[in-house]
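These notes are about the structure you will find just below.
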Amino acid sequence: MKISNKIKNGLLLVAVSGIVLSACNKLELAPTPTPSADNGTTPTLATLLDDPNFSLLKAAVTRVGLLPALSSPSARFTVFAPDDNAIRSSLAVIAPGVPAEAFIAGYNIDTLRGIIQYHVIPQTITLSSIPGTFPNFEYPSSFNPRPDLSALFRLSIFPSVRSNGAWANNVPITGVNIQAVNGVAHKVAAIVLSPSRYLWDTAASKPPLDINNSIFADTSLSYLKAAIIRADSGVAAGSRLVDALTNAGANLTVFAPTNNAMRAFFIGTITKVILPDVTQGLTAYITQQLINSGKTPEEAAALAPGLAVAQAPAAAQQKATETVVAAGTLILTNPYLIDPRLGALITPTLAKGIVAYHILSSQSGTYAPPGIRVFSVNLPATATAVKTLLNSAVSVHPGLTVQATFVSPAPGVSVVTAATVKGAANATASNVIVGRTTNDLHFVNGVMHKIDQLLLPQAF
Amino acid sequence: MRKKRSYLFALLLANILAFAAQAQTTINGKVANSTTKENVPAVSVTVKGSGEGTFTDDRGNFRITVAKLPVTLLVSSVGYEMQEVTVSDAAQTVSIDFKPSNKLGQEIVISATRTSQRILESPVSIERINTAAIRNTASPAYYDIIANLKGVDMVTSSLTFKTPTTRGFSGSGNTRVNQVMDGMDNQAPGLNFSVGSVVGLTELDVDNIELLPGASSALYGPGGMNGTILISSKNPFKYQGLSVQVKEGFMNAGDRFRQASNYINGSLRFAHKVNDKFAFKIGAEYIKAKDWFGYDKRDYARTGTDGYIKAGDRATDPGYDGVNVYGDETQLNLRSLVFPTVASQAPFLKNFLDTLNGGAPINVTRTGYAENEVINPNTISLKFSGALHYKISKGTEAVLAGHFGTGNTVYTGSDRYSLRDLKIGQYKLEFVNKNWLLRAYTTQEDAGESYNATATVGRTIGVVNPYEAWVPKYGQTYIGARLSGATDADAHAAARAAADADRVSANSAAFKAAFDKVRMTPISKGGGLFVDRTNLYQVEGQYNLSDYTKSVADILIGGNFKRYLLNSEGTLFADSAGKIGINEVGAYIQATRKFGEILKLTLSGRYDKNQNFKGRFTPRVTALIKVAENNNIRLSYQTAYRFPSTQQQWIRLDVGGNVKLVGGNKFFEGYYGFNSKPTFFLDASVTPYSTYEFKPESVSTFELGFKGLNLQDKLLIDVYGYYGQYKNFITRTLMIQPYSGDRQQLAADLQSGKPAASLGNIFSIPVNTTSKVKTFGWGLSLDYRLPKNFQIGGNLSSDELKDVPAGFKTYFSTPKYRANISFSNNSFGYKKRMGFNVGWRWQDAFYYESDFANGNVNAVSTIDAQISYKIPVAKSIIKLGATNSLNEYYTNGLGNSVIGGLYYVSIGYNVF
């Protein structure tokens, strides 16, 4: 074949190939979806409740209409799941005599829905994703008790993890990270009751299951109530302590000194105030008694002061006690009526400082809430300093020293048997009064622990 | 004395007139195609031995005056065999049967050495397109033919905006290719792209196009690093008469992207030789069509002018940023824009918000609009041209010419730009002698109502549905959905649905009203309009000293002065305070000497100085070795360099995403405080900024080539290989001035995955690379003349880049291989009146890098075809043509237009 023919045929061959090839331009213009993890469709959180041990919870979930949401593979939830035993034991305390099945079937459905929703967290939170730092990991539940305030409002739940256990609020978590395609479940030892009242709640009625009295209503805290009123006197609405205590968005931990604790403080304080007068009065009284008993005036004048000094403290305390008992909370709301000197001492500023010292503050945070909610189980096992709202005014103040004592009734489960909190100027630590109606009193906007001493940030 | 002088003058004049009356004889003649009998216009008719000559007019007639008879006339034209005709009697009209010839390699080129020579004897690689090729092309526009030349890559930004490049570094609006139209640099002085395909010569006025691939600064000045394209118009002395051509057809067959639309292209040219001294021409061309558009909706990960294609779509990526979807470029981080406000009002959500998505940024983008929704598809191109030619004396011609073009088109720079009512005028006065040249010209640019489509859409969205409302609504709905247990994807879907509840269609009156307002507002004032009335002024001269120096060498010298006057009123350049002037001056010299019949050496050198940069010298050495008749080996060492473009020196443009594109002029260093405020490069080490010298880039190229005519002159072979090295390569890099002002904090934030745009102000600045990037490649073309006027040809070429440092953005954007095959015949069938041309073009897949988008471009294969029929009696030709005839959509630059088939029928009158 001639060279020219070879070239000619070669070019023609390429040309024909080109015609064939030109019919297949590959044009990539369409976006491709981002690959998504396929978790499958089972088990869902709803199917986990098919376990016979969760029959009561399933019944409650079903009744309040939450089952479809927990059945959706595309949803993401975390459920704190009390099993049947946990529910029964809880109800035995909070609704004694009512069978669990009957309670679930008959209880007010809206309230029940709130309780159930409080056990459900949006998104998947495994225990490992909860930081073990003090005090806990506030997270919104699915329960919005105040949709009138905001569609985004949710009651928070406060899971926490420590080496000796994990809790939802103060309820021990007994089984962790039960995986479902749409989230995770953690088994809890009791119903985690959702709060319904505020720390300062003037409402006359309260839900049957919420037995907590607010500071406003608790007669054992009337001195604290008076101190708050005294602290707020002259303060504009919106900046008062009461405003914080009634704010649904607040998050406070209040160490509430009982009336006895407050009285003890005032008795001591008044004793100090009146002691000179009492001593002076006793001196004159004892002098006269000595003269009456045959001593010369000179002899009586020499002996009486020593005797008066020895007897005056008891007398002053007696008088102070009588005064405090007689005055009641007037000693806080209007101390001038009792003694001008008391009025000058117990100023609104002092009252505010004292109250602020009983409320814990957040330790840090970029856009941290103004407070923290510390359940007794969140207290450290060793004495630890924590800040209070007083630190917002006096940043260098050492704050309070808190400590709890834990016991472990079961492996991985710990409960608090005792707790103390000590003020910087207190000689001894105040005891948290451990009991169902005295500590871990949970409110919408905080938690309260009653204590047996007033906490003193400085000496008086 | 005065009287005596007057008498002498009168006597002299009388003698001259008497001599003329007595001695001059006029020959009239007619030239016709020996096969088809059609008249042949623009045929050169010269008197052998005298240099006197003329051209046939549009009817094939010529008229030439000679001193005496008999004379021998040399009759020649490309595509015909040269004939000698002896004329003894002027009384008879000389009829010449002009025999067509499809002999290869007979063309004359000028650009290779600025002097005329046969293309076979060019000392450097050169490609040429002549009028016959333009007549016979399947392409609807002559400019498109360049893409079929060996080694050429073309980026198609739109129907009328195409950018050819050779030997790598392809891109829309390439500044590394010089384009010269009738001696005028036709780069838009402010916009920096060459306007040849937008507002260049009208098709009927194009005489030829010459392409010098690769480095070519030595003769044509700064810029020709990747080729120089020279487009020459038709001289009215040679090409005369009225020519008209109308093409009408349609685009977008098949409705894949949109319905078929009309394509109209009409042009006319009228040239008249008034007498032997004066001729003029006028021309116009009008194109109207619905443009190609970019339809790439793939998700793009963008950081300023950098980025890559990634998986994701509007439904699955809340931060979706479609390549050709606009308004979705800015990443809005809910974590920084919404969450703090929500957390301050609802502290109980703090941990929830902190832990969403593992604490990572939650970036979302506005729902954008696709290019075809927002850019006016109507492309219009209107060109006018005119020239007056006057022969001052024998061999000296004065030309006063003007070209004006206006229209709409779409261009791809750092964004997609809709050029509306763009106006560019080029006006020149030149004097041309066979030995010297003097030319002055100006380029007057007016961007009209051109706007940045990306910025305009983004800002329009902000007007229709303000960001201040959209972002919180999106964020709060998203948070609410997540609080309800929704997955991230479902929450984003719900949030977008809520935030976009008031979103309007691009066709709505509200959107259009806002869009029109934004696009007419300057970029610097929050709109999308860029004002650009930058002008260029140049004077240049050249002298051929060969008459004096030929005993030693043929020597050519020349020089030029150029002044840019930047004027964007602060919308494109940093010229808010007033126009910015940039001066350049250059000079060149070339010496050529033949050593016997075997070797011809040419030495060239050019020196240029820009006021903002140090002077540069660029040498060139070429050798042509004749190995046999019509067979030559060529060797060359060429250099080229490029002063940074006016934009690379002075641009100041907000390109979205908190990124400013700025120039390399020292002005910016002080203006933005690069050297006084904490400023860091966005590299792995967040290197602190330090003052640097911004330099011109340069390339040196070695080339070896061979061009030969063999097999009884039926086979034309052209082959070349080259090796080039780029130095001080100009690229862009990103810097940041962090809000924190702290380097360690910046590094930590970047390490944690926070988007740079949220950490500070970002600047894209031009820099020189220290690495020497190397390129090499080769090309081969074969053209074979078959019997009966059939011709087949093909070319294959390759370009590669080597020694590229890791992570270095080269903008090479060039396929490794490309090929063209063509098969044609311009005279066959019934009375040789038919013609056809079928061309196949293929280019390999490659990675495309640009300031707009980076990513893979797939291999492209297209077939263009045309068939024509001549009607000699009407001096007309009818053509049925198609480009991308199989309507296989493709794109040759990521984010640029997607091109489908274009089909047309044309009828031309007196097209030569």
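Chain A is the first sequence line, chain B the second, and so forth, proteins listed ahead of strands; every chain is numbered from 1. No experiment lies behind these values; they were computed from the predicted model shown.
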* Asked: Nearest 0.5 Å, what's the OG1-CG distance between Thr862(B) and Asn25(A)?
  -> 7.5 Å

* Structure fact -> Bottom line for Phe257(B): the part with an atom under 4.5 Å from chain A's heavy atoms is side chain

* Which portion of Ala486(B) sits near chain A, non-hydrogen atoms under 4.5 angstrom -> backbone

* **Atom pair CG (Asn856(B)) and NZ (Lys26(A)), whose distance is rounded to the nearest 0.5 Å** => 9.5 Å

* Would the Phe348(B) and Tyr139(A) ring centres measure less than 6.0 Å apart? -> no

* To do: Pick one of side chain, backbone, both or neither for Asp317(B), based on which atoms fall under 4.5 Å of a heavy atom in chain A.
  => both

* Structure fact -> The reported gap from NZ in Lys297(B) to CG in Leu29(A) (rounded to nearest 0.5 angstrom) is 9.5 Å

* Asked: Which answer fits Pro131(A), side chain, backbone, both or neither, if we ask what part of it has an atom under 4.5 Å from a heavy atom of chain B?
  -> neither

* Which one of Asn820(B), Val860(B), Asn710(B) has the most heavy-atom pairs closer than 4.5 Å to chain A? -> Val860(B)

* **Rounded distance [0.5 Å steps], CG in Leu27(A) versus OH in Tyr295(B)** => 11.0 Å

* Asked: Given a strict heavy-atom distance threshold of 4.5 Å, which part of Ala75(A) is in contact with chain B: side chain, backbone, both, or neither?
  -> both

* So with a 6.0 Å cut-off around OH of Tyr847(B), is the heavy-atom count from everything else above 12? -> yes

* **Contact origin within Leu894(B) toward chain A - heavy atom pairs under 4.5 Å** => neither

* Enter the distance from Leu349(B):CG to Ser156(A):OG here, rounded to the nearest 0.5 Å. => 7.0 Å

* Could you tell me the separation between the CG atom of Asp299(B) and the OG1 atom of Thr32(A), rounded to the nearest 0.5 Å? => 8.0 Å

* Structure fact -> Of all heavy-atom pairs linking Pro122(A) and Ser484(B), the shortest is CB-N, 4.3 Å

* To do: Please flag which part of Ala859(B) lies under 4.5 Å from any non-hydrogen atom of chain A: side chain, backbone, both or neither.
  => backbone

* **Portion of Val898(B) that has a non-hydrogen atom of chain A nearer than 4.5 angstrom** => side chain

* Could you tell me which portion of Thr355(B) (side chain, backbone, both or neither) has an atom closer than 4.5 angstrom to a non-hydrogen atom of chain A? => side chain

* **Where Leu152(A) and Leu483(B) come nearest, the two heavy atoms and their spacing** => O-CD1, 3.7 Å

* So, for Pro347(B) and Glu138(A), which heavy atoms are closest and what is the spacing to 0.1 Å? -> O-OE1, 4.2 Å

* Distance-minimising heavy-atom pair for Gly312(B) and Pro31(A) -> O-CB, 3.3 Å

* Donor-acceptor contact present, side-chain Thr316(B) to main-chain Pro33(A), <3.5 Å -> no

